Amino acid sequence: MRLFLSEGSPGSLPVLAAAGRARGRAELLISTVGPEDCVVPFLTQPKVPVLQLDSGNYLFSTSAICRRYFFLLSGWEQDDLTNQWLEWEATELQPALSAALYYLVVQGKKGDDVLGSVRRALTHIDHSLRRQNCPFLAGETESLADIVLWGALYPLLQDPAYLPEELSALHSWFQTVSTQEPCQRAAETVLKQQGVLALRPYLQKQPQPSPAEGRTVTNEPEEEELATLSEEEIAMAVTAWEKGLESLPPLRPQQNPVLPVAGERNVLITSALPYVNNVPHLGNIIGCVLSADVFARYSRLRQWNTLYLCGTDEYGTATETKAMEEGLTPQEICDKYHIIHADIYRWFNISFDVFGRTTTPQQTKITQDIFQRLLARGFVLQDTVEQLRCERCARFLADRFVEGVCPFCGFEEARGDQCDKCDFPKSALCLSLLSQLEKRLEEWLGRTLPGSDWTPNARFIIRSWLRDGLKPRCITRDLKWGTPVPLEGFEDKVFYVWFDATIGYLSITATYTDQWERWWKNPEQVDLYQFMAKDNVPFHGLVFPCSALGAEDNYTLVSHLIATEYLNYEDGKFSKSRGVGVFGDMAQDTGIPADIWRFYLLYIRPEGQDSAFSWTDMLLKNNSELLNNLGNFINRAGMFVSKFFGGYVPEMVLTPDDQRLLAHVTLELRRYHQLLEKVRIRDALRSILTISRHGNQYIQVNEPWKRIKGSEADRQRAGTVTGLAVNIAALLSVMLQPYMPTVSATIQAQLQLPPPACSILLTDFLCTLPAGHQIGTVSPLFQKLENDQIESLRQRFGGGQSKTSPKPAVAETGTTAGPQQIQALMDEVTKQGNIVRELKAQKADKNQVAAEVAKLLDLKKQLAVAEGKPPEAPKGKKKK
């Protein structure tokens, strides 16, 4: 069989991804042809991709090639829903997408000129995913529809500027499919690291596509479409709402210590042990402890039996080096920095059940026991390695003691084991462990990975190590500060930290309870989640599992390995020595509350790719998402109860519109649960903000502040709107708890939320504040961040970097205005948007609506210019 492709053809992406999934099942020859070459003899116009079958027949439709060949070859079944998606892709998505790509690549248009033609299609996909509450288009598993739609959308959506943030379900789906290896290979082959510009030579030779028939091209903003709900879904939401607090199960009794309970879900959570000698920066905090804390808090809200542990990693060369620098003993360094770490995490409100350390007798005992078991089973072999030696010190030198010029990039401050500029690692090996346990490891991974929530980057890293075969790795070092090696002839050596650091989880648990084995030798009853940045994946996904499997002592191994990418600082990297970036001990001196730091770090959590901290973006997210959206809604809901109803929740008589709102909130709540169960922490945060936006729009459209002054019916309507709004605020307070625990507790205190409702989060939206409930004193939750304040902090933490504002994440032209001016324009856009929505809801005169829409578009244009985006040429309505 022969596949004909043309360089830059968008249709090549899904076909190559599908072929990659079926790789090895049939022989396939790929040929490249020109965009004007006619491959199919009976077609009058050139067409690619084309698959020529062995029979001589041709398939020249993307979906036909994938459907009739590659996926049938893979053994994938097709159902009605998959076929419906393929039909929709061909008839609805492709015309709109072809126009968008042509505008972007050939005509050089940007922004809404491009996005306008596909926004309706993207919204349709997002709403379908939300309604199904499934990770893929046709259900719980990937289908042909996912590959075909992903391939069609990837050239456009790989640029985050064209993937609207509010479409969180689409975000999650696109990220999940994009990280699969066949899709990654297809993207690299077609786009060649040039992005969408790789399509230009091909698209320039194609006729200009027309917008989809019957659609009007307009600048008028579209309201976010809500998912279509069935009568059954609405009725179920109303029934759950009416049951209220009686639906809540009894609270789990608290244990001390927390131990696994037979018949319950027992969740063991670890975050990577931070090196004791370093003060953690924001990237370290979001990469492990903060991400794990969100999941631990969520687990407790679900009433899962949860133990969350962490501690400082205190042995090794780095500690000896730091001790020499500061003129202290290694133990003194560990004692000093362990307190610093504990204080930082306490300020960030990290809810460890235990925060320990690795310099304990339990660490020595457990590590030596695992080693002895490996040695007795023949999994540890003695070997030698050449090392530098200092005769004056009478010791072998670890790589960290060797400094000089990096032979790869010329950086003058490189260490023997790593260059901070080019990140090239250089390490020595001496004793063997991994290579002999590779088969056991692969068998364990084969049982573990299917159905697990290992992040895509963790799976990729582990596959990369296994692809080349595991090599011998040294497990001892010539140091004094470490766990002693209990072997004759090795009295002057200690275990290499890469071997025994992960054993620290076990020893920390052992210092917490002498029944630690009920957690760590109980794989049948314990679900282990481990959080880390991607550089720690090999130690948790290979090293410790190999050690535990070889020890043959029924150890609990990781079920779900959650790895983030890296968080950078503005346009560079964090550097304590150069004074660049915010470190944990500095954040509390900025005057910005810990919950604001938590929110922003989780909002930009590097889940699928590296992200960057930006002071300007932090100001905008605080002032728009927290102050204007979330804080505004919750404060208004509470104030209406206090001001109009004497502090008591009024009677609520739900209309059909109110009942639909209950169902929409329930849908988003279930989306939140689905995402957090899959540890999609950043995306789940979007669900909170989406519900808050629904609440703001609900209040704005119904205007309770006006209705309270009207007739009896109007006053009753004001009461219903206020009561429903304050109950949404109560729900948001519980959903916020994993992210912003202090703010969550503040809202619950202001609303006097009953204690059971504060500690349990079900999948249904309940009426937790019934009519007659008295709330407390309501006050604003957030403060505006000012331009001068942020600029001062940028200068303070800028080090040697440029003191100018960082470049935004998207390509832009022109001069960026200051955050204060941008915020003012954002406020005006929000205000004008509310006016437009009110007029539309009232079905006002079209000319009046058009005039207000024109004002809104002008404000958006001013905002785009202020943000540094190119001014867009106005688009008129399409002529008939």
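Numbers for residues simply follow the sequence, beginning at 1. Remember, predicted model here, so these are calculated numbers, not experimental data.
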[Y] versus [X], side-chain donor and acceptor atoms under 3.5 Å:
| X | Y | answer |
| --- | --- | --- |
| N277 | T319 | no |
| D595 | N349 | no |
| R680 | T176 | yes |
| Y698 | H664 | no |
| T358 | E314 | no |
| S611 | R605 | no |
| T179 | N457 | no |
| D617 | Y603 | no |
| R130 | Q674 | no |
| N305 | R252 | yes |

Is the gap between the ring centers of H673 and Y298 under 6.0 Å?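 Close enough - the centres of the two rings lie under 6.0 Å apart.
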What about Y529 and F295, are their ring centers closer than 6.0 Å?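 Yes - the distance between ring centres of Y529 and F295 falls below the 6.0 Å cut-off.
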Start with the C-alpha distance between S247 and D764, add both sets of side-chain angles, then the distance that settles side-chain hydrogen bond (donor to acceptor under 3.5 Å, both in side chains), and finish with yes or no. CA-CA 9 Å; S247 297; D764 289 316; over 6 Å; no
Under 30°, 30 to 60°, or over 60°: which ring-plane class applies to [X] and [Y], parallel, tilted or perpendicular?
| X | Y | result |
| --- | --- | --- |
| H281 | F574 | parallel |
| W597 | F613 | parallel |
| Y345 | F355 | perpendicular |

So does [Y] get a backbone contact from the side chain of [X], meaning a donor-acceptor N/O pair under 3.5 Å?
| X | Y | answer |
| --- | --- | --- |
| Y739 | V294 | no |
| H773 | L751 | yes |
| D610 | N568 | no |
| S733 | I747 | no |
| H560 | D453 | yes |
| T509 | Y505 | yes |
| T556 | W519 | yes |
| H341 | Y275 | yes |
| Q737 | P741 | no |

N278 side chain reached by N284 side chain, heavy atoms, under 4.5 Å: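 Contact flag for N284/N278 side chains = no.
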What I'd like to find out is whether the side chain of Q748 reaches to under 4.5 Å of the side chain of V734, using heavy atoms alone.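 Yes, at least one pair of side-chain atoms sits under 4.5 Å.
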Nearest heavy-atom neighbours spanning L769 and V726: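 For L769 and V726, the tightest heavy-atom pair comes out as CD1-O, 3.7 Å.
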Could you go through the side-chain hydrogen bond (donor to acceptor under 3.5 Å, both in side chains) check for N696 and N632 one step at a time? CA-CA 8 Å; N696 271 316; N632 179 56; 3.2 Å; yes
Yes or no on side-chain hydrogen bond (donor to acceptor under 3.5 Å, both in side chains) for S692 and N629, after CA distance, side-chain angles and deciding distance? CA-CA 7 Å; S692 179; N629 176 17; 2.9 Å; yes
Do E625 and R693 sit within salt-bridge range, that is, some charged N less than 4.0 Å from a carboxylate O?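 Looking at E625 and R693, the cut-off is met.
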Is it true that R671 and E668 make a salt bridge, defined as a side-chain N closer than 4.0 Å to a carboxylate O?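 Not counted as a salt bridge, because no side-chain N and carboxylate O are separated by less than 4.0 Å.
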With salt bridge (charged side-chain N to carboxylate O under 4.0 Å, His left out) as the test, would you mind laying out the steps for R686 and D683 before giving the verdict? CA-CA 5 Å; R686 265 60 167 185; D683 291 338; 5.3 Å; no
Salt bridge (charged side-chain N to carboxylate O under 4.0 Å, His left out) between D293 and R598, intermediate numbers included: CA-CA 10 Å; D293 182 62; R598 287 177 62 111; 2.8 Å; yes
Criterion side-chain contact (heavy atoms from CB on, under 4.5 Å) on D353 and L309, from CA distance to verdict: CA-CA 6 Å; D353 290 292; L309 62 92; 6.0 Å; no
What distance separates L627 CG from F782 CZ, expressed to the nearest 0.5 Å?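 With rounding to 0.5 Å, CG (L627) is 8.5 Å from CZ (F782).
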Measure the spacing between CD of Q530 and CD1 of I562 and express it to the nearest 0.5 Å.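 Between Q530 CD and I562 CD1, I get 10.0 Å after rounding to 0.5 Å.
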May I have the step-by-step check of side-chain contact (heavy atoms from CB on, under 4.5 Å) for T312 and L273, ending in yes or no? CA-CA 5 Å; T312 42; L273 307 180; over 6 Å; no
If you apply the rule side-chain hydrogen bond (donor to acceptor under 3.5 Å, both in side chains), what do you find for N628 with N623, and how did you get there? CA-CA 6 Å; N628 291 347; N623 293 353; over 6 Å; no
Dump the intermediate steps for side-chain contact (heavy atoms from CB on, under 4.5 Å) on N256 and V258, then the final yes or no. CA-CA 5 Å; N256 188 20; V258 180; over 6 Å; no
For Q158 and L163: C-alpha separation, side-chain torsions, deciding distance, then whether side-chain contact (heavy atoms from CB on, under 4.5 Å) applies. CA-CA 8 Å; Q158 52 93 25; L163 185 52; over 6 Å; no
